[in-house]
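Have a look at the structure below before the remarks.
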Amino acid sequence: MDTHPIDMTRSATNASAAAAVSVRGVSKNYGQVEALRDLSLDFPRGQLTSLLGPSGCGKTTLLKIIAGLLQPTEGEVEVNGKPVTGPGPDRAFVFQDFALLPWATVLRNVAFGLELRGVRISEREAIAEQYIRNVGLAGFEKSYPHELSGGMRQRVGLARALAVDSEVLLMDEPFSAVDEQTRRKFQEDLLGLVAGENKTFLFVTHSIEEAVYVSDQIAILLPRPSRVSEVIRPSGLRTRNVSDIRRDPEYLDIVDRIWASLRSYVE
Amino acid sequence: MPMSRSLVLKLLSGVIVFGAWEVAGRIPVSYAFPTFFESMAALVDMTVSGWIFEAYVETLRPLIIGLLISAFIGIALGLWVGLSNWFDWLVSPIFIVMQAAPLAALIPLLVMVYGIGLTSKVFVVCIMAMPVIVLNTAGAVRNAPTNLKEMGYSFLGTEQDIILKVIIPSASPIIFAGLRLGTSAGFIGAILSELKITPTGIGDIITYSRSIADYPSMYAAIFSIMVLAVLFLNFLERTERYFFAGNVRGYASD
Ligand SMILES: Nc1ncnc2c1ncn2[C@@H]1O[C@H](COP(=O)(O)OP(=O)(O)OP(=O)(O)O)[C@@H](O)[C@H]1O
Ligand SMILES: [Mg+2]
């Protein structure tokens, strides 16, 4: 169990070699509301980093700044060593509120990212069908979002982000609306995805257990104005068999420790 | 069975309305108010003689030209107003005033400038139809959901993609509502122009029948234009349903 506070003195070149995404001194104000203050964090390439923190602490804000959808008030974000100025093909977003087109079928929604990239219709629909099957929505290709349950809509959003095959996946509470069984299956699938593909995952969650289960690195955020209070790397867990993780003493230990440091904010 | 039930309901409401008309005509409410069957008989006569078709050729010309202009220019202007604050500031007041203007008072002005021909009538239809189309379109575009626009940008949509694939479809229910309101107003405008500028087409049938006290023919003409308007609105609804199936059936964002 190695814990280290974020080392701000690490040299930029060194950091960008290891980190797919690095956030340096980012602050964000919405008018009077100070959402983020001087937040710095590196997201190592090929790994999954969870952002864990109380509601309203600015997790979505941070993800949108990394996505290039919001401008930070101060500071900068680099993806693969290049500063972010806007959205790019190297990043795909899974939205907390799903953001599905209500007038489009599941198939078109999942293929929408590819459609905007100008992929031919036959090709993009073939890819989309593949990912629709992967998230367990086969047979619903022709349905409209309002005909799906909340969890099913969320999976459509997930499939849409996976379909564009980006290096960096920005996932804003991607499993919040699925049932517990599906959630556990997705967590296992996610571990497989992290291990099997060289993608970098940024994963927002409210669940301490989920964060410890899936993450290579967990960043704990303080309430507004948000900074990283602690970075925890459950590195021992990543070599365990997926079905044994929840019984592992290290797993239980880390869950307890995170709870101990968060409980003071939940009075 | 909801299909056949709604059909039964429609027929039933038709029977009630026309029955009431028949009864009112028989009382009679007024000497100038014919019964339903007298009016229908007059309508059949007009149809057989072909008079009504000639009339509609006249009436539909300014109506359709005016509605097409209003729809295309109205939606285009509305998009622009909705997308640009500056253009909104410049153009919106014109249409707000136009919507509130008493049309009958403007007609003499139009006739003075454009004469008594087709142009003036097209103008009347446009003045009636365009404001609601422009204002509805602009409002809907301005209120297109931010989260969907963000989604489009994050998946690398261009400005044009976002307008065509996110903003317009999400605005379409309100744009179509504007089109429906604009169409009804356009029908009113077309008839009004025929009554106030020069009596042609259906306006001519109405004016002429009234002058010779042939009230059944007058009501037959009025009835026919109402039926036509309803059919037209139905057609618009079908078009919308065809293009934006998911929109019409409901919204995913609860
Ligand atoms: N567009 C906005 N305008 C003004 N304030 C905003 C805006 N978006 C977010 N905020 C504020 O910024 C803060 C952080 O919001 P954010 O959505 O990033 O929180 P979050 O950590 O994702 O919360 P949750 O876990 O509930 O999703 C909140 O206090 C919110 O009030
Ligand atoms: Mg959030």
Side-chain angles (χ1 to χ4, degrees), chain A residues 60 63-70 84 86-119 124 142-150 152-154 156-157 160-161 163-166 168-170 172 177, chain B residues 2 75 78-79 82-83 85 136-137 139-180 236-254:
Chain A
T60 299
L63 235 51
K64 284 191 175 167
I65 289 173
I66 295 170
L69 291 170
L70 286 178
V84 166
D90 46 6
R91 283 153 288 151
F93 208 112
V94 180
F95 290 87
Q96 186 172 13
D97 57 3
F98 320 149
L100 304 181
L101 306 175
W103 56 87
T105 61
V106 167
L107 184 62
R108 179 156 182 235
N109 265 299
V110 173
F112 195 64
L114 297 165
E115 180 178 340
L116 293 178
R117 283 164 206 221
V119 178
R124 68 178 188 245
K142 296 276 166 284
S143 304
Y144 289 93
H146 73 270
E147 299 166 332
L148 306 178
S149 72
M152 291 160 91
R153 286 177 206 167
Q154 191 159 39
V156 175
R160 178 178 59 199
V164 294
D165 196 24
S166 297
V168 178
L169 273 157
L170 307 166
D172 198 353
Chain B
I75 290 177
L79 287 176
L83 292 170
N85 284 332
N136 265 34
T137 304
V141 165
R142 210 174 293 125
N143 294 321
T146 323
N147 67 334
L148 294 186
K149 288 190 273 186
E150 263 184 354
M151 184 277 292
Y153 285 118
S154 86
F155 285 101
L156 304 182
T158 59
E159 199 82 25
Q160 190 190 335
D161 284 329
I162 307 296
I163 294 174
L164 290 178
K165 296 182 174 181
V166 176
I167 294 178
I168 293 181
S170 83
S172 74
I174 298 174
I175 296 179
F176 270 96
L179 279 178
R180 282 199 292 272
L236 267 180
E237 217 162 283
R238 268 162 213 271
T239 316
E240 179 183 5
R241 217 167 280 199
Y242 176 78
F243 281 113
F244 301 104
N247 253 357
V248 178
R249 282 179 230 161
Y251 288 92
S253 42
D254 300 323

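Chain letters run A, B, ... following the sequence lines, proteins first and then strands; every chain starts at 1.
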Hey, does A:L101 have a side-chain heavy atom less than 4.5 Å from the side chain of B:P169?
no

Of all the heavy-atom pairs spanning [X] and [Y], show the shortest one and how long it is.
X	Y	value
A:W103	B:K165	CZ2-O, 3.3 Å
B:F155	A:A92	CE2-CB, 4.3 Å
A:P87	B:S154	CB-CA, 4.0 Å

Please flag which part of [X] lies under 4.5 Å from any non-hydrogen atom of chain B: side chain, backbone, both or neither.
X	value
A:R160	both
A:F93	both
A:F112	side chain

Among A:S143, A:A67, A:G88, residue most engaged with chain B (heavy-atom pairs, under 4.5 Å)
A:G88

May I ask you to name which of A:G118, A:A99, A:S166 has the most heavy-atom pairs under 4.5 Å with chain B?
A:A99

Under the salt bridge (Lys or Arg N to Asp or Glu O under 4.0 Å) test, which residues partner A:D90, sequence neighbours left out?
none

Interface residues of residues 141-151 of chain B facing chain A - heavy atom cut-off under 4.5 Å:
B:N147, B:L148, B:E150, B:M151

